[in-house]
J.: 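Right, I'll just put the structure down here and ask away after.
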Amino acid sequence: MIRIKHIDHIVLRVHDADAMIAFYCDLLGCSVERRVDEIGLIQLRAGSCILDLVPVDSPLGKAGGAPPQRDGHNVDHFCLRVEPFDPPEIFRHLEANHVKASQVLSRYGAEGSGPSINIQDPEGNNVELKGPPFSTQASPVQSGGH
């Protein structure tokens, strides 16, 4: 039997690697861990996971077929577990960086139901910022999504 422990990495094919690095590193606190420029691979550390950025015009990016578009994304969304999850501070940070955010909603994830905020990166990929699971008491925010 296969037992999954956690997500190891996510790969996004991108048009503007610099804008994506700025978004994920400067806004969300990732760091560039490794680059393999000859094939077109930029690996960002995202907590215990890796987020790979692959420019669509690189050798690795071209191998993936047609590039993603605003109306045809790489993935529906991915979720980043955020700690601490302080909505007022998160909203201040996003607003200061001109990033639009959804309201806080209760969504189900790997740890159970908890608060989350949805944003989009510069290329239109949906990113869910997820807080810790709620206790067994009633959820203090609206329910929505998955």
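Numbering starts at 1 and runs along the sequence shown. Side chains included, hydrogens not; waters and symmetry mates left out as well; all remaining heavy atoms used.
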J.: How long is the span from the NZ atom in Lys100 to the CG atom in Leu94, to the nearest 0.5 Å?
T.: 13.0 Å
J.: Do Leu28 and Val11 belong to the same hydrophobic cluster, where Ile, Leu, Val, Met, Phe, Trp and Tyr are linked whenever their side-chain heavy atoms lie under 4.5 Å apart, directly or via other members?
T.: no
J.: With heavy-atom distances below 4.5 Å as the criterion, would you say the side chains of Asp121 and Met20 are in contact?
T.: yes
J.: Pick out which of Ile50, Asp52, Val32 makes a side chain to side chain contact (heavy atoms under 4.5 Å, CB included) with Leu44.
T.: Val32
J.: On a heavy-atom basis, which atom in Pro132 and which in Phe85 lie closest, and how many Å separate them?
T.: CD-CB, 3.6 Å
J.: Kindly give the heavy-atom pair with the smallest separation between Ala101 and Phe91, and that separation in Å.
T.: CB-CE2, 3.8 Å
J.: Would the distance check show the side chain of Arg13 and the main-chain N or O of Val56 forming a donor-acceptor pair, the cut-off being under 3.5 Å?
T.: no
J.: Is there a path of hydrophobic side-chain contacts, each under 4.5 Å between heavy atoms of I/L/V/M/F/W/Y residues, joining Phe23 to Leu41?
T.: no
J.: If you compare all heavy atoms of Lys130 against all heavy atoms of Tyr108, which two are closest, and at what distance to 0.1 Å?
T.: CE-C, 4.1 Å
J.: Answer yes or no: are there more than 12 heavy-atom neighbours, outside Glu33 itself, under 6.0 Å from its atom CD?
T.: yes
J.: Mind checking the CG-CD1 spacing from Leu12 to Ile10? Nearest 0.5 Å is all I need.
T.: 7.0 Å
J.: Does Glu95 come within less than 4.0 Å of Arg92, counting only side-chain N to carboxylate O?
T.: no
J.: Are any of the side-chain nitrogens in Glu111 or Arg81 under 4.0 Å away from the carboxylate oxygens of its partner?
T.: yes
J.: Roughly how far, to the nearest 0.5 Å, is the CG atom of Leu60 from the CG atom of Leu53?
T.: 11.5 Å
J.: Short question: side chain of Asp37, backbone of Gly40 - any donor-acceptor pair under 3.5 Å?
T.: no
J.: Which heavy-atom pair separates Ile90 from Val82 by the least distance, and what is that distance?
T.: CD1-CG1, 4.3 Å
J.: Please check if the side chain of Asn97 supplies one atom and the backbone of His93 the other of a donor-acceptor pair under 3.5 Å.
T.: yes
J.: Looking just at side-chain N and O atoms, do Glu123 and His15 make a donor-acceptor pair shorter than 3.5 Å?
T.: no
J.: Side-chain contact test, heavy atoms from C-beta onward, threshold under 4.5 Å: evaluate it for Asn126 versus Ile119 and give yes or no.
T.: no
J.: Using 0.5 Å steps for rounding, measure from the OG atom of Ser48 to the NE2 atom of His9.
T.: 13.5 Å
J.: Is there a side-chain contact between Lys62 and Val54 in this structure, where contact means two heavy atoms from C-beta onward sitting under 4.5 Å apart?
T.: no
J.: Which heavy atom in Cys49 sits nearest to a heavy atom in Ile7, and how many Å separate them?
T.: SG-O, 2.8 Å
J.: Say you draw a straight line from CD of Gln43 to OG of Ser31; how long is it, rounded to the nearest 0.5 Å?
T.: 11.5 Å
J.: Report the distance from atom CG of Leu51 to atom CG of Leu80, rounding to the nearest 0.5 Å.
T.: 7.5 Å
